[in-house]
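What follows is a set of notes on a single structure, which appears directly below.
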Amino acid sequence: MSILSDETREFVLNAGRHQSKTHAIAVDCFKELAKQTGVKAVKLKKRFIKHDVLVTEAFWRVLWSKHPNSGYNCIDYCDCCGKFTLSAED
């Protein structure tokens, strides 16, 4: 007999795992932004992580133009594994 509900057990098992789908979307946006600006995607990503306002605004414009119905409006970055996770919050 488990003391955890099925829902809690599923949450614990998936804790720490990142959504590779949303990470791929974020990386694709950096690549598109690199094409538009002529700045390497790696440099844009580093500036984004350091909260560069211009890069951040450009990232969201690209994301919302490529995925207008996604609802994504939040992004997290994991320093440990270097992955992004996009989510939609109210």
Nearest atoms (heavy-atom pairs only) where Ala34 meets Ala41: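 Heavy atoms of Ala34 and Ala41 come nearest at CB-N, 3.6 Å.
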So, do [X] and [Y] sit near enough that their side-chain heavy atoms are less than 4.5 Å apart?
{"X": "Val39", "Y": "Val55", "value": "no"}
{"X": "His51", "Y": "Thr56", "value": "no"}
{"X": "Leu86", "Y": "His67", "value": "no"}
{"X": "Phe59", "Y": "Leu44", "value": "no"}

Any residue meeting side-chain contact (heavy atoms from CB on, under 4.5 Å) with Cys80, in chain and number order, not counting sequence neighbours: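 In terms of side-chain contact (heavy atoms from CB on, under 4.5 Å), with neighbours along the sequence ignored, Cys80 is linked to Cys78.
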Phe30 with Trp60, same ILVMFWY side-chain cluster at under 4.5 Å: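 Yes, it is one cluster - the side chains of Phe30 and Trp60 are joined through contacts under 4.5 Å.
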Donor-acceptor contact present, side-chain Trp64 to main-chain Ser70, <3.5 Å: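 No: the side chain of Trp64 does not pair with the backbone of Ser70.
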Under 3.5 Å: donor-acceptor pair, side chain of His23, backbone of Phe84: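 The answer is yes, because a donor-acceptor pair under 3.5 Å joins these two groups.
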Of all pairs that satisfy salt bridge (Lys or Arg N to Asp or Glu O under 4.0 Å), the ones with a partner from residues 31-47, not counting sequence neighbours: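 Sorted result for residues 31-47: Arg47-Asp52.
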Within residues 57-71 or reaching into it, pairs that qualify as salt bridge (Lys or Arg N to Asp or Glu O under 4.0 Å) - sequence neighbours excluded: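 For residues 57-71, and leaving out neighbouring residues, the salt bridge (Lys or Arg N to Asp or Glu O under 4.0 Å) pairs sorted by first residue read Asp28-Lys66.
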Interatomic distance, Leu63 atom CG to Asn73 atom CG [nearest 0.5 angstrom]: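 The CG atom of Asn73 is 10.0 Å from CG of Leu63, to the nearest 0.5 Å.
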